[in-house]
Each structure stands twice: as structure tokens, then as C-alpha cells.
Number of protein chains: 2
Amino acid sequence: MKKVEINSIEVARLAGVSRSTVSRVINNYSNVPQKTREKVMKAIKELNYFPNVSAQMLAGKKSRTIGLFMVSSGEIAVDVLTNMMIVSVIENASDLNYYVLTYIIRDVSDEAAINNVREIFYQRRIDGGIFIGTKQDEPFVDELIAEGFIVGIFDQEHTGTPAPNRIVANFNNESGMKQAIAYLLGLGHRQIGLINGDRSRLSGMAKYEGFHGAMRQHGLEIQPDWIIDGDFTEDAGYNAIKELLQRAEQIPTAIIAANDSVAFGAVRALREHGMKVPEHMSIIGFDDHVLSEKHSPPLTTVRVDFKHLFKELMQAVIEQIEQQSDSIKEVRYDCTLIIRDSCRRLD
Amino acid sequence: MKKVEINSIEVARLAGVSRSTVSRVINNYSNVPQKTREKVMKAIKELNYFPNVSAQMLAGKKSRTIGLFMVSSGEIAVDVLTNMMIVSVIENASDLNYYVLTYIIRDVSDEAAINNVREIFYQRRIDGGIFIGTKQDEPFVDELIAEGFIVGIFDQEHTGTPAPNRIVANFNNESGMKQAIAYLLGLGHRQIGLINGDRSRLSGMAKYEGFHGAMRQHGLEIQPDWIIDGDFTEDAGYNAIKELLQRAEQIPTAIIAANDSVAFGAVRALREHGMKVPEHMSIIGFDDHVLSEKHSPPLTTVRVDFKHLFKELMQAVIEQIEQQSDSIKEVRYDCTLIIRDSCRRLD
DNA sequence: CTGAAAGCGCTTACAG
DNA sequence: CTGAAAGCGCTTACAG
């Protein structure tokens with residue numbers, strides 16, 4: 001049933017030239033006369049010929065494929081943000097004529113999974129990789145970079161000796177935190193809590209430090225009981241509120257959540273305790289999740305522009321693949337506070 | 001910075017054997033004595049050697065990569081279901097030691113995009129492909145199948161002459177529709193409407209026909225005004241209700257939506273007209289979307305098991321890749337009605 | 001401008 | 001059990 005494979009020899013024969021010439025027209029060499037080019041193109045069309053990509057690669061071409069490595073434990077399917085990131089990476093690559101091979105890492109401590117990641121690089125399946133969800137300076141990623149592979153990492157900054165083949169991208173979370181706190185202050189809040197994200201991740205640490213910095217800057221007292229660790233999930237937000245209500249003698253008038261999912265969880269827990277947002281508690285999230293404006297109440301949040309960030313990250317990675325420059329690349333975006341209905345003015 | 005590539009010659013040298021032997025241990029040939037195998041494995045470990053996948057492919061091995069082609073117009077990022085499907089396909093492949101190259105088709109009539117799809121197959125980037133979101137008997141897919149490529153298609157059934165390299169997977173939507181109608185009937189509903197999905201897709205057609213069949217079977221009158229075409233999106237559900245309320249002299253007591261997103265849109269439109277679900281209108285969805293039980297009201301819906309379906313589809317595709325059998329494969333799952341709070345008993 | 005030929009890194013019949 | 005060699009389908013210096 002399967003037709004015999006068509007190769008460049010057959011195209012050459014049909015066009016009445018050599019394989020070298022066929023290759024030259026495919027690779028857009030400038031020294032092929034228009035006439036010859038046309039003959040060859042005609043043969044290519046006629047035979048429905050596509051060069052075998054393995055042969056091309058073996059002869060030195062790139063795969064034009066980027067690996068997307070997504071570390072995500074637990075029920076990823078529920079997360080609208082994950083989807084957006086995956087799709088965004090794929091589409092940005094597609095716009096630049098690259099393909100994406102996606103690999104999901106459920107557990108970074110699973111040696112077999114990490115070995116698969118290594119294998120994908122060493123086997124030359126990809127020209128470079130993008131990592132999402134790793135912690136700052138994850139050892140196996142650093143190792144790959146030390147080997148010379150080209151890697152783009154979201155939510156990471158340069159530390160130690162920056163390398164041109166390590167491209168980092170992150171948001172200015174400190175600034176976002178500052179905006180959130182300034183806004184709350186303007187509404188009369190002085191008792192502000194934080195449900196934090198994973199501090200081994202850059203954004204977790206940056207938000208944590210941004211919170212402390214901004215609070216101090218405004219001379220607001222930081223109440224340790226009101227700062228609760230979490231991991232960026234809805235459950236973490238839910239549990240944090242449960243814990244807070246159980247433990248603290250007094251509760252804050254406003255809480256900043258490490259992201260919108262955490263905020264959703266917090267609102268749910270508050271509701272279960274008969275407390276309404278923003279009447280009894282003001283809440284600010286981070287990200288501006290697609291569901292945030294549909295949430296009840298519509299969530300005030302620090303918006304972050306994932307699409308543009310991934311676009312620039314992808315561009316930088318591909319530029320490095322194609323040009324191998326020596327410059328150190330970092331993409332960084334600011335955030336914007338989006339005011340909706342989850343915070344109230346204190347009277 | 002980049003180390004010189006390590007190839008099988010270096011491994012052979014270090015292990016004191018020939019490249020043939022190195023290849024034999026990598027490919028698990030049985031005629032290699034344990035001693036030799038160990039020497040070679042040691043050298044492989046020591047040099048951190050991974051065989052170049054292009055060279056392997058050129059020598060006749062498979063790529064162990066499956067293409068995932070997702071046709072999805074518009075804002076895909078909002079859709080939790082899409083995410084689940086993509087991740088489900090990737091993880092099922094991963095469990096079988098395969099990789100996934102994902103390509104998003106925004107518009108099936110975009111010749112450039114379709115050419116990219118063809119190219120991916122012809123270039124031998126993948127061993128087979130899975131299509132999600134195509135209509136029944138989409139011509140460019142049929143063409144690929146005619147060329148002998150191995151293709152798995154979700155929401156499709158065999159028509160014409162079934163081929164072993166066309167593997168279809170679908171849900172028994174007629175049965176789901178029957179369950180929904182029987183349930184409504186049991187609650188006393190006799191005036192039932194349908195907001196349908198895209199009828200050029202199998203599931204759209206199957207639900208449409210299932211609705212008609214079940215209605216007739218129960219001797220219920222089908223009111224053409226209450227059957228509204230849509231396209232499986234929330235907006236379609238919203239618009240359908242708007243249209244219905246504007247146009248119809250009388251409205252049904254219950255409506256079945258082609259999927260949960262459509263149902264959400266319908267509920268939203270009803271609410272805008274001051275109608276509550278289920279007090280003024282009963283609604284049943286399809287899929288059992290992750291958000292359906294969190295919806296207000298929690299949505300009664302026909303549940304469908306995507307994860308298992310994709311698992312079996314992936315298995316069948318890979319089996320065909322590895323064994324090239326002549327059997328015709330179809331995977332088909334039943335649906336189950338999940339009763340929640342969006343339907344009321346008529347009195 | 002263009003062809004013949006080497007080379008990319010594997011696998012696998014073949015011969016021993 | 002194992003090595004030498006052909007072959008997979010390209011690209012690209014080289015020579016003309």
C-alpha cells in the first residue's frame with residue numbers, strides 16, 4: 001500500500017540535473033539560475049517530494065524542533081494557565097517555523113524522567129529546550145547548560161556566571177507586589193497578609209521579598225502569623241485560610257495571594273467560614289488568569305503578560321540556535337495591577 | 001564550550017570492541033555475551049553516550065514520535081478540555097516511551113498550515129499522527145491515510161473502505177443522548193430542546209440524530225424551533241438561548257446542550273433574562289468538564305472518559321506502527337449520565 | 001553554474 | 001559470537 005519513498009535522486013532524474021543541484025534549490029542557494037530552479041521545483045511538486053529530515057540533520061542541518069519541558073505535579077488538566085503556556089510556546093515556535101516536542105515532568109526527583117530529558121537533548125532530537133516550572137538553578141538544567149545545550153527558562157534569573165546558552169525570562173514580581181500593597185494602602189488597609197508560593201522558585205521568592213520590602217517601605221508592620229507558605233495551587237490557598245482562621249488571634253483585613261488560583265482557593269475557604277469577599281476580607285491575586293474576571297467576585301489581580309514573555313523567550317532561544325552569539329540574554333516584563341471587585345475601602 | 005560529539009566509534013574504542021557490537025548491545029541483541037555487554041555498557045556510561053537519533057532513523061529505526069494535530073479555532077487557551085486532551089495524549093505516549101510533536105491548526109482551510117502537516121509526515125519527523133477536532137472524512141487526512149501514513153482520529157468512525165492505518169475513536173453519543181432524554185422524561189419533561197454542535201463533526205451529527213431517535217422512540221414531539229445549531233462553544237450556547245427567547249412563541253422546559261461549555265453559555269444567557277436553572281429551565285450538558293461540578297448550579301451532564309479513550313487510541317496507533325497488522329481498529333466508549341442540580345422535576 | 005564524491009552516525013546482512 | 005563493509009538520504013567543499 002505504501003508507495004516507494006521518493007528521494008532526491010528521483011527528483012534529480014526527473015529534472016535532468018544532479019542531486020547536488022536539487023539540494024541547492026531546496027536550500028535556496030543563490031547560484032542556481034532561474035531556469036534550473038524552475039525545472040527542479042516542477043519535479044519536486046510532481047513527485048510530491050519532501051527531503052528526509054534525518055538525512056538532512058545527519059548532514060549538518062538543524063532539527064527545527066524545540067523541546068518544551070513542563071514540570072507540573074498533580075492534576076495539570078485543571079489548570080487553564082498551563083494550557084495557555086503550552087499553546088503559547090507551540091504557537092510562537094510555529095510562527096518562526098519551528099516545531100515543539102513537549103515533555104511533562106511530573107516529579108523532578110524521578111531519575112528516569114530526568115534521564116529522558118537528557119536523552120532528548122543528547123540524541124539531538126531538538127535544537128534547544130524551554131523549561132517551565134523548575135526551581136531556580138535546578139541542577140539537571142544547569143548540567144545541560146554546562147554541556148553547551150541551548151536552554152530557555154521561564155521564571156528564572158541569571159546567577160553565578162551567566163552563559164549565552166542560558167536564556168532566562170521572568171516578570172518583575174517585586175514591582176507587582178509593590179503596586180498591590182500601594183493600592184491596599186490607598187484603600188486604608190494596614191493589616192495585610194500574604195499567602196506565598198513555593199520559595200524555591202524565583203517568582204515565589206521574589207513575591208515574598210517584594211512583600212516584605214514594600215511593607216517595610218511603607219512602615220507597615222509585618223505580622224508573621226499572616227504570612228503563610230504555599231505552592232501556587234488552589235488547595236494551598238484554601239488550606240492557608242483554614243490555617244489562618246484556626247491559628248491567628250486576629251486576622252488581616254487584606255491578603256495578597258501568590259497567584260489567582262491561590263486566591264480562588266482562599267475565597268472558597270473564606271466563604272465556607274461565612275466570610276464574604278470583599279466585605280469581610282480583601283483579596284488580591286497575581287497573573288490575571290482567564291477565569292479571574294468571571295470569578296465571583298471579579299478578582300483584583302496583578303496582571304502578567306505570558307504571551308509576550310514566551311514570544312520573546314522563544315525568539316531569543318531560536319536566535320541563539322541560529323546565530324550562536326556571545327551575548328547574555330534575559331527577558332523581563334513588568335506587571336500591571338488590574339482593579340476589579342475583590343478589595344474594599346476600609347472606613 | 002561544547003564538547004566534541006561522542007559517537008559509537010569512541011565507545012567501541014573504549015570498550016575494545018567494534019561499532020557493530022556497540023550497536024548490538026544498544027539494540028539488545030540476544031547474541032551478546034554478558035561480559036561483552038557489561039564492558040560496552042560501562043563505556044557508554046563513562047562517555048555519557050546517546051546514539052544520534054537521526055543516524056538511527058536513517059538506518060531504518062523509527063522516530064518514536066507521534067504527531068498531535070489539534071484543530072482549534074479561536075481562543076484555545078480558555079478551554080480546559082483542550083488542555084486535558086493535549087496532556088492526556090502526551091502522557092499516554094510517554095508511558096509507552098514515545099514523544100509527541102504538537103501542531104495546532106487554527107484554520108483547516110489555511111493551505112499553508114495543512115502543507116505543514118503534510119510536511120511533518122513526509123519528512124519522517126513522526127511515525128504516526130493523531131488528529132483531534134477534524135470533521136468526519138476531512139480530505140487532507142484521508143489523503144495522508146491513502147499515502148499509507150498511520151493516523152489515529154478522535155471523534156470519527158470508519159466510512160467507505162476502512163483501512164488498517166486509519167484508527168478511529170469515538171464515544172457512543174447516541175446512547176448518551178438516550179440516557180439524557182430518558183432522565184428528563186422521568187422528571188416529567190416532554191418539551192425538550194437541543195442546542196446542537198457542529199454537524200460536520202461526527203459527535204455533532206451523532207448527538208443530533210441521537211436526539212431525534214430518542215425523542216421519536218418515546219413518542220415526544222420534536223419542535224423545530226427548539227433545535228438550534230451551534231459549534232460546541234460557550235458563545236454558541238449563549239447565542240442559541242438569545243435566539244430562542246427572541247424567536248419562539250413558546251419555550252421548552254428542558255434543553256440538552258451539545259457539551260458543557262455550550263450549557264454554561266446557555267445558563268449565562270438565561271440568567272441575563274432573569275431565568276434561573278433549574279427553576280425556569282432544566283439543562284443537561286455533555287462531557288463532564290472539570291468545571292461542571294463547580295458550576296452554579298452544578299451541571300447534570302453526560303460524562304465521557306477522555307483519558308481512557310486517548311489511552312486506547314494511542315495504544316492502537318503505536319501497535320500499528322510497530323506491528324503493521326491488517327486488522328481494522330476502532331475504539332469506542334460508552335457515556336454515563338451524571339445527575340447533579342441543573343434539572344428539576346416538573347409538577 | 002554544476003557534477004562526482006566524501007561524509008554525517010548509525011544498523012544489519014554477510015562472512016567467518 | 002563478532003568485525004568489515006554497505007547503505008540509509010541528505011549537504012557541501014572541491015574541481016572544473
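The sequence lines fix the lettering, A, B, ..., with proteins before strands; numbering per chain opens at 1. Note: hydrogens, waters and symmetry copies are ignored here, and every other heavy atom, side chains too, is used.
- Remark: side-chain polar atoms of A:Asn7 are paired, donor with acceptor, to backbone N or O of A:Glu10 under 3.5 angstrom.
- Of the residues in residues 27-44 of chain B, those placing a heavy atom less than 4.0 Å from an atom of DNA chain C are B:Asn27, B:Tyr29, in numerical order.
- With sequence neighbours left out, A:Arg118 forms a salt bridge (charged side-chain N to carboxylate O under 4.0 Å, His left out) with A:Glu111, A:Glu143.
- For residues 57-69 of chain B, the set of pairs meeting the salt bridge (charged side-chain N to carboxylate O under 4.0 Å, His left out) definition, not counting sequence neighbours, comprises B:Arg64-B:Glu322.
- Contacts between residues 50-58 of chain B and DNA chain C, counted as heavy-atom distances below 4.0 Å, involve B:Pro51, B:Asn52, B:Ala55, B:Gln56, B:Leu58.
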Acceptor/donor pairs from residues 32-46 of chain B side chains to any protein atom, 3.5 angstrom cut, sequence neighbours excluded:
residue: B:Gln34; atom: NE2; partner: B:Glu38; partner atom: OE2; Å: 3.2
residue: B:Arg37; atom: NH2; partner: B:Tyr29; partner atom: O; Å: 2.8

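- For the side chain to side chain donor-acceptor pair (under 3.5 Å) test, residues two or more places apart in sequence or in another chain that qualify with A:Ser109 are A:Asp107.
- In 5' to 3' order, the nucleotides of DNA chain C bounding all contacts with chain B (an atom under 4.0 Å from a heavy atom) are C:dG9 to C:dA13.
- Residues forming a salt bridge (charged side-chain N to carboxylate O under 4.0 Å, His left out) with A:Asp95 (at least two apart in sequence, or on another chain): none.
- Across all strands shown, A:Ser20 has heavy atoms under 4.0 Å from base atoms, whether or not it also approaches the sugar-phosphate.
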Taking distance alone, no hydrogens or angles, what donor-acceptor pairs closer than 3.5 Å link side-chain atoms of residues 148-160 of chain B to residues at least two apart or in another chain?
residue: B:Asp155; atom: OD1; partner: B:Ser203; partner atom: N; Å: 2.8
residue: B:Asp155; atom: OD1; partner: B:Ser203; partner atom: OG; Å: 3.4
residue: B:Asp155; atom: OD2; partner: B:Ser203; partner atom: N; Å: 3.4
residue: B:Asp155; atom: OD2; partner: B:Ser203; partner atom: OG; Å: 2.7
residue: B:Gln156; atom: OE1; partner: B:Asp137; partner atom: N; Å: 2.9
residue: B:Gln156; atom: OE1; partner: B:Arg166; partner atom: NH2; Å: 3.2
residue: B:Gln156; atom: NE2; partner: B:Lys135; partner atom: O; Å: 3.4
residue: B:His158; atom: NE2; partner: B:Lys329; partner atom: O; Å: 3.0
residue: B:Thr159; atom: OG1; partner: B:Asp137; partner atom: OD1; Å: 2.9
residue: B:Thr159; atom: OG1; partner: B:Asp137; partner atom: OD2; Å: 3.1

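- Applying the ring-ring contact (aromatic ring centres under 6.0 Å, His included) test to residues at least two apart or on different chains, none of the pairs has a partner in residues 93-118 of chain A.
- Residue A:Ser23 is in base contact, counting any heavy-atom pair closer than 4.0 Å across all strands shown.
- A donor-acceptor contact closer than 3.5 angstrom is absent between the side chains of A:Arg125 and B:Ser63.
- Between the side chain of A:Asp127 and the backbone N or O of A:Ile321 there is no donor-acceptor pair closer than 3.5 Å.
- Checked by atom type and distance alone, the side chain of A:Arg124 never pairs as donor or acceptor with a backbone atom of B:Val53 at under 3.5 Å.
- A gap of 22 Å separates the P atoms of C:dT2 and C:dA6, to the nearest Å.
- Where DNA chain C pairs in unbroken runs of 3 or more (Watson-Crick or G-U, both distances under 3.5 Å), the stems are C:1-3 with D:14-16, C:5-12 with D:5-12, C:14-16 with D:1-3.
- Take A:Arg332 and apply the salt bridge (charged side-chain N to carboxylate O under 4.0 Å, His left out) test, not counting sequence neighbours, and it matches A:Glu174.
- Ring centroid separation for the pair B:Tyr333 and B:Phe310 does not come in under the 6.0 Å cut-off.
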